[in-house]
Number of protein chains: 2
Amino acid sequence: MSTAEETDGGSAPWAEVTPEAARRLLVAAVEAFAERGYHATTTRDIAGRAGMSPAALYIHYKTKEELLHRISRIGHDRALFVLEAAADGGGTAAERLAEAVRSFVRWHAERHTTARVVQYELDALGEEHRTEIVELRRKSDAVVRRIISEGVQAGEFDVPDIPGTTLAVLSLCIDVARWFNAQGSRTPDEVGDLYADLVLRMVAAKR
Amino acid sequence: MSTAEETDGGSAPWAEVTPEAARRLLVAAVEAFAERGYHATTTRDIAGRAGMSPAALYIHYKTKEELLHRISRIGHDRALFVLEAAADGGGTAAERLAEAVRSFVRWHAERHTTARVVQYELDALGEEHRTEIVELRRKSDAVVRRIISEGVQAGEFDVPDIPGTTLAVLSLCIDVARWFNAQGSRTPDEVGDLYADLVLRMVAAKR
DNA sequence: CCCGAACCTGAGCAAGCGCTTAGGGTCCGT
DNA sequence: ACGGACCCTAAGCGCTTGCTCAGGTTCGGG
């Protein structure tokens, strides 16, 4: 199945993963996990996609779960980085919120293969690894909540339930990874713009 | 693991599934699939939760996949029924949209165990069964799109991108099944009210 | 020319998987 | 009293799984 899909989008995808053989395995694992899910993917499938024998996987990674952890960790780091960059970009709260949603959604759409694994295969991680990842997600939550809170205090926003609205905004963005299809009619930029508009409407002060 | 969880919420949960032994198995499968995912769940686990031997499962269901299909089919039927009831309830487009979101979200929160299986284990279905379910999902989409379109035509709503906004509304509601936690601080009713408010803001005409 | 480190493979092990089969209780109508 | 329909289990088959290990290939430095 699958030609090359798109290996994964944009700028320097997994450059930090070395050596090259380990990166090939990781990229293969991302594709396989995204297509079939972690539990339905076999180590033979991953190794095969990377053009290696099953045994080669265990030279670079201790277990299949470690592969998922590495993917999840790097993916969450990047998604959080994108969010924080927008939050620290300056401007009004509305401008910062719009930019945060726009770039966070764009990331989930452009890299939807990675994002699907990162966002929906969390339960397959072991206890320790999962708590580490959950901590990163709390930080994403804090970033969005902070922008919304500041917007409320500045009188830009009208938000009766700040934690609830924060949750809804993040939920909306994350779910893009589930339904986004590269062959579909929308580009990542278009989805980002649409979602930024929708979120601004959700928090807008009544006039 | 797990005491009784809550077997699944409210009114006559799986009454239409007979005989009783088949229902017990199905309820056990819903719990197991929701906790661990379809592929990580074994037939031995399902049978064990239902208090039977592994072989008993195959008297009532031909395969493990058939169990998932039955769950998915019934779940989608119910969710769609809830949506359509609200859509046909009368009133302004805003009232109907609010009620649709409120009850759809409430369903996903109250029955989040079932909903998680229904919404997130679709890929595990076989080709034929999956296309059958996808058809039901298209109907949900059509229901929401229709309300929004009518609201726009009546001048109640201002929605530049009707298909995109429809997608976002459904995505927001469905994702409740992923994060909702019965032990959390919010009741299904509260989440339903919050989300109905947020969605109305998304489509509201500017004043 | 050879050595050792780095990297990879073929073969396969123990365990667990979905599913089957032969047979045994239980309870009904007669 | 008893035959048969119904429902269940113990045992296990054939296969795949995650993972291991002994050994082969490649390559730079001496």
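Owing to the predicted nature of the structure, the values given are computational and were not obtained by experimental measurement. Throughout, a chain's letter reflects where its sequence line sits, starting with A, and its residues are numbered from 1.
If you check every strand for non-hydrogen atoms under 4.0 Å, A/His39 touches nothing. Nucleic acid contact for B/Ser53: base, since at least one base atom lies under 4.0 Å from a heavy atom of the residue.
Counting to the nearest Å, the C1' atom of C/dG18 and the CD1 atom of B/Ile46 are 11 Å from each other. As a whole-Å value, the separation of A/Leu25 CG from C/dT9 P is 10 Å. Regarding B/Tyr61, its OH atom lies at a distance of 13 Å from the P atom of D/dC7, rounded to whole Å. Atom NZ in A/Lys64 sits about 8 Å away from atom C1' in D/dT17, given to the nearest Å. Straight-line distance from the OH atom of A/Tyr38 to the P atom of D/dT17: 14 Å, rounded to whole Å. Rounding to whole angstrom units, CG of residue A/Leu57 and P of D/dC21 are separated by 16 Å. Atom CZ in B/Arg36 sits roughly 14 Å away from atom P in C/dG16 (whole-Å rounding). Here the C1' atom of nucleotide C/dA6 and the CD atom of A/Glu20 are 15 Å apart, to the nearest Å.
An OP1 or OP2 oxygen of D/dC19 is reached within less than 4.0 angstrom by no side-chain nitrogen or oxygen of A/Thr43. Side-chain N/O atoms of B/His60 include one lying less than 4.0 angstrom from OP1 or OP2 on D/dC8.
The nearest heavy atom of DNA chain D to A/Tyr58 and to B/Gly51 marks one nucleotide each, and the one closer to the 5' end goes with B/Gly51. The residue among B/Ala21 and A/Pro54 whose nearest nucleotide of DNA chain D is located toward the 5' end is B/Ala21.
Counting distance only, with no hydrogens placed and no angle test, the side-chain atoms of B/Arg44 and the base atoms of C/dG16 include no donor-acceptor pair under 3.5 Å.
Set against D/dC19, D/dT9, C/dG18, the side chain of B/Ala56 has D/dT9 as its closest nucleotide. The B/Ile59 side chain lies nearest to D/dC8 when the options are D/dC8, D/dG18, D/dT20.
Within 6.0 Å of atom CZ in A/Arg146, 12 or fewer heavy atoms from other residues, nucleotides or ligands are found, so the atom counts as exposed in its surroundings. Environment of CD in A/Glu128: sparse, with no more than 12 heavy atoms of neighbouring residues, nucleotides or ligands closer than 6.0 Å.
Stacking of B/Lys64 on the aromatic ring of B/Tyr38 is recorded, both the 6.0 Å distance cut-off and the 45° axial limit being met.
Aromatic ring pairs are classed by plane angle as parallel below 30°, tilted from 30° to 60° and perpendicular above 60°; the pair B/Tyr195 and B/Trp179 is tilted.
Scanning both residues, B/Glu65 and B/Ala124, for their nearest heavy atoms gives CG-O, 4.1 Å.
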